[in-house]
Amino acid sequence: MRVYQTNEIKNIALLGSAGSGKTTLAESLLYGSGVIKRRGSVDAKNTVSDYFPVEQEYGYSVFSTVFHAEWNNKKLNIIDCPGSDDFVGGAITALNVTDQAVILINGQYGPEVGTQNVFRYTEKLKKPVIFLINQLDSEKCDFDNVVNAMHDIYGSKCVQIQYPMQTGPGFNAIIDVLLMKKYSWPAEGGMPVIEDIPAEEMDKAMELHKTLVEAAAENDETLMEKFFEEETLTEDEMREGIRKGLVTRSIFPVFCVCAAKDMGVRRLMEFLGNVVPFVSEMPKLHNTRGEEITPDSNGPESVYFFKTGLEPHIGEVSYFKVMSGSIKSGDDLVNADRGSRERIGQIYVCAGANRIPVDQLNAGDIGCTVKLKDVKTGNTLNGKDCEWKFDFIKYPNSKYSRAIKAVNSADTEKLMAAMLRMRQEDPTWVVEQSKELKQTIVHGQGEFHLRTLKWRLVNNEKIAVKFDEPKIPYRETITKSAAADYRHKKQSGGAGQFGEVHLIVEPYAEGMPDPTTYKLNGQEVKMNIKGREEINLEWGGKLVFINSVVGGAIDTRFMPAILKGIMERMEKGPLTGSYARDVRVIVYDGKMHPVDSNELSFMLAARHAFADAFKAAGPKILEPIYDLEVYVPADYMGDVMSDLQGRRALIMGMDSEAGYQKLQAKIPLKELGNYSISLSSITGGRASFTTKFASYELVPNDVQQALIAAHEAETEDED
């Protein structure tokens, strides 16, 4: 394989809803470009993309697959991404390291929620988009309805390059209004017959051709002037206008294909090779210092590792993009993230599980290598005198969580090691060892996402695991002021223990003024502040600790011990044992003994005094509340709202967005536990949602009483 220059390389992400046919299209692209000799199929479990056992078990893509195609002296690096929203991490990674999105649309259903999700990511990342309507041979396909739906959602930017002469089982021909030719195929697909457009199709073809010419001309002043003068453009001028429109996202070309029958695929390859922008024509990426990095083969050597695959008999396969310079086998590089030195062994270009050795890859190119010592997903390796780092891939918040543990406790360490390895493959699997909840929590994008993780642990790693409902990280606080005192006294021969602490607790709110007076036992007591500490608690909220002791009742050297005793009780609230937050404590009096007082005595006295005051200060339980956005077809809106209201959700607003309804709500974390399963069931998998932590809020009284009762029962069982 020859070495391609930066201006000969194009990087493309293949996206779409589950079932839109990406894996089948990938087979046809590989076959058409000569990378493979025969096309596999999903049913036969022999495709280049879905080669992992878990993918063959479920019949779904779980991981993104990197492959390449050489076409007309150009190199196309293509990343085939999973369609399920549960595996969105692969799509986000691919979009960040490629320059062009090809979004497949199932001709039977038109734009689906998965289409909307990936389109929003292309919008956020400002990536060019080509739409590809697939499965035109399906009886349910209504091409005109699909195009109308696309215009409703994406507007006039959707411009047809092609249309089918008919859809359904008889589909075998399209009209291409860029080339103004008819393409037809034999029943088995393959090489097309290219002919002039039939007379009966000419009016429709000319109308769409004119629309395409106008859309192309709008992206270049020179082309626009020529269009006004001559009302037409040459084929090359149209390609140039479309290329510029792709870069600015002012045009979304629409193509037709039947990937399963290899119809339209070669024409798509021509367009990708001739029109899609090169790496060198796209906006530049920035490093972590904000510096713009030009993909220059003569620049400093810098390589970003965006994906890790774990393969049997090989181990870690590390996929990279050359950000600058040229990488060669045997290069010695420095890991900018870990400080270690790394020698690159053999480098390859990819075709799924097949890898072709190459001697060199230039800036903008994508490849892989194996057996690196100390490189993880997200690391950057640099050559001499280069210290760049890259951190441009941002993943969505998790949507579904489960507590996980090994059935055999002896496998616990092995389980953690396996999950950390697997997170290198998919960074949207997040593992958390919660000290607060005393559980290992695994977070993911949905129930299917975590079920896949479990399948791999059981079948690949041979570790039996169990999923449980994760506990909720409740918080405790107080709603009014209260005072308490406690004397700790212990005498058992020799030096004893003595400490007495008088304190006040009250709710703390940001910006509230320091206290001046309090009414204690019917008398007003003036506060004389001698010291103030504001502690940002690691679990959220604050503790404000004020020393207002006068007359030397408690020596200043005992204040740290008093604070330590209070903090111990803050870590285990009296209602449910949850962390306490947003409390102000004023220590205003006490007693000490010249011989028997020590740090331990005051720590214990403070702990008891604080607990007594807290219980008398109207303690309340707080629960985590999340902002929820649900994207749902209008037909299901009523059912989705009813379900949310049954989950104690507060509807904040509704809006229409790109053909779907967007519902905004606030919902307790407790009610989100199985929401992804419920939403999928209600809408037949046609809705999606995002969540983000919002705040802690008071739980209703009935919920609080149930939580306290459950905690008391649990405590009794432990006793």
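In this text, all values refer to a predicted model and were calculated from it rather than measured experimentally.
- Under the side-chain hydrogen bond (donor to acceptor under 3.5 Å, both in side chains) test applied with Y4, the options E70, H68, K10 reduce to a single match, E70.
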Please determine whether side chain to side chain contact (heavy atoms under 4.5 Å, CB included) holds for the pair I535 and L563, giving the CA-CA distance in whole Å, both sets of side-chain angles, and the decisive distance to 0.1 Å.
CA-CA 11 Å; I535 301 160; L563 176 57; 3.8 Å; yes
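- Of all non-hydrogen atoms in C81 and G90, the two that sit nearest each other are SG-O, 3.9 Å.
- The environment of K405 atom NZ is sparse: at most 12 non-hydrogen atoms of other residues, nucleotides or ligands sit within 6.0 angstrom.
- No salt bridge links E436 with K572; every basic N to acidic carboxylate O contact stays at or beyond 4.0 Å.
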Checking side chain to side chain contact (heavy atoms under 4.5 Å, CB included) for the pair L453/W455: CA distance, chi angles, key distance, verdict?
CA-CA 5 Å; L453 176 99; W455 189 96; over 6 Å; no
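- Heavy atoms from other residues, nucleotides or ligands lying under 6.0 Å from CG of D468 number more than 12.
- The main-chain N or O of Q346 is found under 3.5 Å from a side-chain atom of T369 such that the two form a donor-acceptor pair.
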Salt bridge (Lys or Arg N to Asp or Glu O under 4.0 Å) between R456 and E461: does it pass, once the steps are laid out?
CA-CA 7 Å; R456 294 186 66 206; E461 305 291 337; 5.9 Å; no
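- Of the charged side-chain nitrogens involved, none lies within less than 4.0 Å of a carboxylate oxygen, so that E301 and K328 do not count as a salt-bridged pair.
- Between the side chains of D391 and T288, no donor N or O sits under 3.5 Å from an acceptor N or O.
- When only modelled atom types and interatomic distance are considered, Y395 and T93 share a side-chain donor-acceptor pair under 3.5 Å.
- What you find for A406 and D411 is that their closest heavy atoms are CB-CB, 3.9 Å.
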Give the C-alpha distance, both sets of side-chain angles, the deciding distance and a yes or no for side chain to side chain contact (heavy atoms under 4.5 Å, CB included) between Q424 and R421.
CA-CA 5 Å; Q424 290 295 309; R421 282 199 311 275; 5.7 Å; no
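- For CD of E413, the number of neighbouring non-hydrogen atoms (other residues, nucleotides, ligands) closer than 6.0 Å is 12 at most.
- A cation-pi contact, defined as under 6.0 Å to the ring centre and within 45° of the axis, links K399 to F689.
- In summary, R402 and E469 engage in a salt bridge, as defined by a charged side-chain N under 4.0 Å from a carboxylate O.
- Contact of the L246 side chain with the I130 side chain is registered, since non-hydrogen atoms from C-beta on lie closer than 4.5 Å.
- Between the side chains of N397 and H443, no donor-acceptor pair is found at a separation under 3.5 Å.
- Under a 3.5 Å cut-off, the side chain of N674 and the backbone N or O of I677 do not form any donor-acceptor pair.
- Ring pair F448/F87: centre-to-centre distance below 6.0 Å.
- For the pair K462 (side chain) and N459 (backbone), a donor-acceptor distance under 3.5 Å is present.
- Side chain of Q439 to main chain of K471: a donor-acceptor pair is present (N/O by atom type, distance under 3.5 Å, no hydrogens or angles).
- Ion pairing between a basic and an acidic side chain is recognised when a charged N comes within 4.0 Å of a carboxylate O; K670 and E623 show no such pairing.
- Put simply, the side chain of W388 reaches to within 4.5 Å of the side chain of E291, judged on heavy atoms.
- One finds a salt bridge joining E311 and R355 here, because a Lys/Arg side-chain nitrogen approaches an Asp/Glu carboxylate oxygen to under 4.0 Å.
- Judged by the 6.0 Å distance and 45° axis criteria, K307 is positioned over the aromatic ring of Y319.
- Side chain to side chain, D296 and T294 fail the donor-acceptor criterion of an N or O pair below 3.5 Å.
- Put simply, the side chain of F67 does not reach to within 4.5 Å of the side chain of I79, judged on heavy atoms.
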Run the numbers on H449 and D85 for side-chain hydrogen bond (donor to acceptor under 3.5 Å, both in side chains), then give the verdict.
CA-CA 9 Å; H449 195 210; D85 196 39; over 6 Å; no
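- Between I463 and K414, the shortest heavy-atom contact is CD1-CG, 3.7 Å.
- Salt bridge E8/R2: present, at least one basic N to carboxylate O contact under 4.0 Å.
- Side-chain contact of Q360 with N362: a donor-acceptor pair under 3.5 Å is present, judged by distance alone.
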Audit row: T65, D80, side-chain hydrogen bond (donor to acceptor under 3.5 Å, both in side chains) steps and yes/no:
CA-CA 5 Å; T65 303; D80 176 19; 5.1 Å; no
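- Remark: aromatic rings of Y154 and F119 are close, center separation under 6.0 Å.
- Between K22 and G16 the shortest heavy-atom distance is NZ-O, 3.3 Å.
- Salt-bridge annotation for K692 and D627: absent, with no side-chain N of the basic residue lying under 4.0 Å from a carboxylate O of the acidic one.
- Under the 4.5 Å side-chain criterion, counting only non-hydrogen atoms from C-beta, L14 is in contact with L25.
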Could you walk me through whether M419 and T440 pass the side chain to side chain contact (heavy atoms under 4.5 Å, CB included) test, one step at a time?
CA-CA 11 Å; M419 287 196 294; T440 298; 4.2 Å; yes
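- Side chains of N11 and T98: a donor-acceptor N/O pair is absent below 3.5 angstrom, by distance only.
- A cation-pi arrangement is found for R120 relative to Y631, the charged atom lying closer than 6.0 Å to the ring centre and inside a 45° cone about the ring normal.
- Looking only at side-chain heavy atoms (C-beta outward), F131 and L104 stay at 4.5 Å or farther from each other.
- Between the side chains of T122 and R249, at least one donor N or O lies within less than 3.5 Å of an accepting N or O.
- Remark: side-chain polar atoms of R243 are paired, donor with acceptor, to backbone N or O of N274 under 3.5 angstrom.
- Between F392 and Y304, the distance from one ring center to the other falls under 6.0 angstrom.
- Taking each heavy atom of L537 and A580 in turn, the nearest pair found is CD1-O, 3.6 Å.
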Could you walk me through whether K75 and D365 pass the salt bridge (Lys or Arg N to Asp or Glu O under 4.0 Å) test, one step at a time?
CA-CA 9 Å; K75 184 184 180 195; D365 214 340; 2.8 Å; yes
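- Here the shortest heavy-atom pairing between L457 and A418 reads CD2-CB, 3.9 Å.
- Contact annotation: the side chain of I293 never approaches that of S302 to less than 4.5 Å [non-hydrogen atoms, C-beta and beyond].
- There is no side-chain donor-acceptor pair under 3.5 Å between T308 and S318.
- Each of S297, S326, S324, S280 was compared with T6 under the side-chain hydrogen bond (donor to acceptor under 3.5 Å, both in side chains) criterion, and only S297 meets it.
- Looking at heavy atoms from C-beta onward, V88 lies in side-chain contact with Y121 at the 4.5 angstrom threshold.
- Looking only at side-chain heavy atoms (C-beta outward), N117 and T115 stay at 4.5 Å or farther from each other.
- Atom CD of E387 is surrounded by 12 or fewer heavy atoms from other residues, nucleotides or ligands within 6.0 Å.
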